[in-house]
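What follows is a single structure, written as structure tokens, with notes after it.
Please read these numbers as outputs of a predicted model, since none were measured by experiment. Within every chain, numbering begins at 1; the chains are lettered A, B, ... in the order of the sequence lines, protein sequences first and strands thereafter.
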Amino acid sequence: MEYDFKKIEQKWQKVWEDEKRFEVPNHKEGKENMYVLIEFPYPSGVGLHMGHCRSYTAIDAFARKKRLQGYNVMFPFGTDAYGLEAERTAIKEHKPPQEIVARNIKTFQQQVRSIGLGIDWSRTINTCDADYYKWTQWQFIQFFKHGLAEKREMSVNYCPNCGVLANEEVEDGVCCQCHSETTQKLKSQWVLKMTEYGDRLDEDLKDTNFMEHIKTSQKNWIGKSEGVEVDFEIVGGGKLSIFTTCIETIYGITFMVVAPESNIVDELKPRIKNWEEVEAYRKATAKKTEFDRSEMNKDKSGVELEGIFAINPVNNKKIPVYIGDFVIASYGTGAVMAVPTHDQRDFEFAKKYNIDMIQVIDGADVSEKAFEKYDYLGKGCKLINSEEFSGLTVEQAKVAIVEKLEKLGVGRRKLNFKMRDWIFSRQRYWGEPIPMVYCKHCGWVPEKDENLPVELPKVESYEPTKDGESPLSLITDWVNTVCPNCGEPAKRETDTMPGWAGSSWYFLRYCDPKNDKEFANYDALKAWLPVELYNGGNEHTTRHLLYARFWNKFLYDCGLSPVSEPFKCRISQGLILGSDGKKMSKSSGNGVDPLVIVNQYGADAVRLWMSFIGDYFESVSWSEDGVKACKKFINKIVNFQEILTEGEEISAELKVAIHSAIKKVSNDIDNFKFNTAISALMILANEITRVGKLNNAEYKVLLTLLNPFAPHITEEIWTNLNYSPSIKDASWPKFDEKALIKQELEVPIQVNGKLRAKIMVNINSTKEEIEAQALSAVKGYLNNGEYKKIIYIPNKIFNIVV
RNA sequence: GCCGAUGUGGCGAAAUGGCAGACGCAAGGGACUUAAAAUCCCUCGGAGGGUAACUUCCGUGCCGGUUCGAGUCCGGCCAUCGGCACCA
């Protein structure tokens, strides 16, 4: 008999909706809270894709299992509505992005319902709703009040046609829309000082239970390095500071390099003898994008600042100074000490410009290439040509040299991060307005709390202006305001926040989504945090995860969040690739709409297949074959009703099979091994088929175990059979370890590690009995029964070494 | 270049250092059927030997190592995919 999945699934989705099945209070008598979180999607026009479908159904299964285990599980859903796609569609369709986004959200929510997710819809949020972004703005103001938000001159990507571009809109130095070449332009931008949290963001990873590769990505992205900052006097006045992680090579310095755009170059202008040459080089650099600059990495270039010399504080040696575009202004101090003997980049530069080299670490020849830190650290190498430090090991010298520099007052230990401060301004319409006002008298002043949110005004055109300003700058009525501080006329900030803003704290809002007094009540947060499980795409394991951790840490420091780390465990699902093994995309035409498949086979079948298709953490190519198999499997479960017998006890025949299944399915769901959980259920079903009958007690266990994956059909059968209470009140079955113990066991016998025989042994047999049995079983492989050694792992393996 | 992941049948894949290929797909054979679908049963990594129940050898990207025993651990490669890009 074929089951009518359309009717059944719609029926139960409606029941869950009507009875608000998955809504949870912040506290429930006698139940422990558990917060299970999936990354909320950006509601793009194409709707839910396979990747969403895979992770949502898998994590929904996890949440449903925890619910059956008796937890008060919060499993919320929302949408991250600000993004370029909506803005582009708005421009194309001449409709407000609000309208486009509202349309897409409706589709998304409908689709999420139709795959049967158990969502608490009372907690739904959306980042572009005024009652949400009000609090995004309020939190920005807290950053500002704590000195963590400031306006800073930054270089931005600029396209002559399209204005200021986000990094993701620039590909290979070309604007992704009009394909004209982009340049760098200095602009005053809001930044959040995330680097101040760099050390804690790095250190506190040890308190989390993220997947190892995710921790590593975070660490690499943060890029903490411990080193020393050293001041160099400039002959004739002035100072140049550098950052180095290799202070042991300080006696090997033969030149210095400064980033071309560095201010110090301007300060030294009167004393630079070849200014024209220097200026030409600076102009050439300014034209290049960061991409071009990194492209040049094969050919190091630079220009000497003629007439400028720095003084090495350890030996008072005069050192020439260069500018070179391989030095990045925004990292460290924007200047480096160059030691060609121990840094390959400096080596190449020195060769090109004929600069001296002094070897200061012994242990390798430096005439062909540099002897770098990767090669000398930890090998006991000793210093040479380094005055009183000669003869010390590198490790000893690191300490001793810093002490000397500290005494001289010219050096200090310093942490540096690859991670930059977070540029928080976008010259775009579709984002949260930055709630700041500029007053001639008071400077930057935050909007008053009672005036929040600062709402996006209606505009005619959503395109950025030609001069790179936000379209908001053209709405004079909106821009002109009064200073919240002194009441004089003042102007609003016209930049908006980046797409990452709203997603940095949405998991907090879920805990208390309707609060209009605060972003979330502290007690509500305390009830739910930290998140037990946070699942999201691999593409967000660096930036989003870091932003969210940073944002929460700041709130924690303000006493507004109860935890320093918001996520206990972070996992990322593998991609679903097209059947051709390539990423699903419009351009390669290999995309598959999950909702089409759901219509054809039913949500339960698709959910099962998504879980069964392969290891959850690995990428898999899409294939439709398995959906049919899963549908067949569901049919089999449905048809078990025909062989149902009376009985409220698990029968002896199925006892082992049932308890093994309970054990395997329970452990596998907890460990996200959804594919083997399904296979365990299939094994149980095969066993039931073999036995040819099952009773009510056994059917209940089977249905409960399957319920997280196929919630509609299992509930349908449960209700049909008048099993009460409802399946939602069923409790997750417990397995009995004793039930798994068999009286007789098959033990494989190996000779020299090769399988030669199998014997059946009684569970109570002594080692001697088993040994006799084993030896006779493999007689033919033994020389007159002689052997050297026996290794017996009880109930597992018996190995005879001859 | 650096970082991360992956590599097992025709295919998707399983395997706390202990029987490699569970479970499923596809394929082939059989039962039921007038027939088909559905369902159920059997075979299914490769090579060889036997009429046969069976049996021998090889086999987890490649080369070494540790171990009684390695898909799994260690060292060195190769290939594919993803991320980052001169970070001093």
Which nucleotide wins on minimum distance to the side chain of [X], given the candidates [options]?
X        : options             : value
A:Asp325 : B:A88, B:U56, B:C86 : B:C86
A:Thr216 : B:A15, B:A88, B:C3  : B:C3
A:Lys796 : B:C57, B:U16, B:A88 : B:U16
A:Ile793 : B:C23, B:A88, B:G18 : B:G18
A:Trp221 : B:C84, B:C25, B:A5  : B:C84
A:Thr244 : B:U56, B:A20, B:A88 : B:A88
A:Asp625 : B:A22, B:C87, B:C25 : B:C25
A:Arg345 : B:C19, B:A88, B:C41 : B:A88

[atom1]-based separation of [M] from [N] [nearest Å]:
N     : M     : atom1 : answer
B:U72 : B:U66 : P     : 15 Å
B:C68 : B:C86 : P     : 50 Å
B:G59 : B:A53 : P     : 26 Å
B:C42 : B:G4  : P     : 47 Å
B:G21 : B:G9  : C1'   : 7 Å

* Asked: Reckon A:Glu539 touches a base, only the sugar-phosphate, or nothing at all at heavy-atom distances under 4.0 Å?
  ->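 A:Glu539: no heavy atom of the nucleic acid under 4.0 Å.
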
* To do: Indicate, with a heavy-atom threshold strictly under 4.0 Å, whether A:Asp343 touches base, sugar-phosphate, or nothing.
  => nothing

* **Stems where RNA chain B pairs, listed by first number, each of three or more Watson-Crick or G-U pairs under 3.5 Å** =>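 Result, WC/G-U stems under 3.5 Å: B:1-7 with B:78-84, B:10-12 with B:23-25, B:27-31 with B:39-43, B:45-49 with B:54-58, B:61-65 with B:73-77.
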
Polar-atom pairs under 3.5 Å, protein N or O versus N or O of nucleotides 10-12 of chain B: list them with distances, or write none.
from, atom 1, to, atom 2, distance (Å)
B:G12, O2', A:Ile613, O, 2.6

Check the interface with nucleotides 45-48 of chain B: list each N/O to N/O pair with the protein under 3.5 Å, or write none.
none

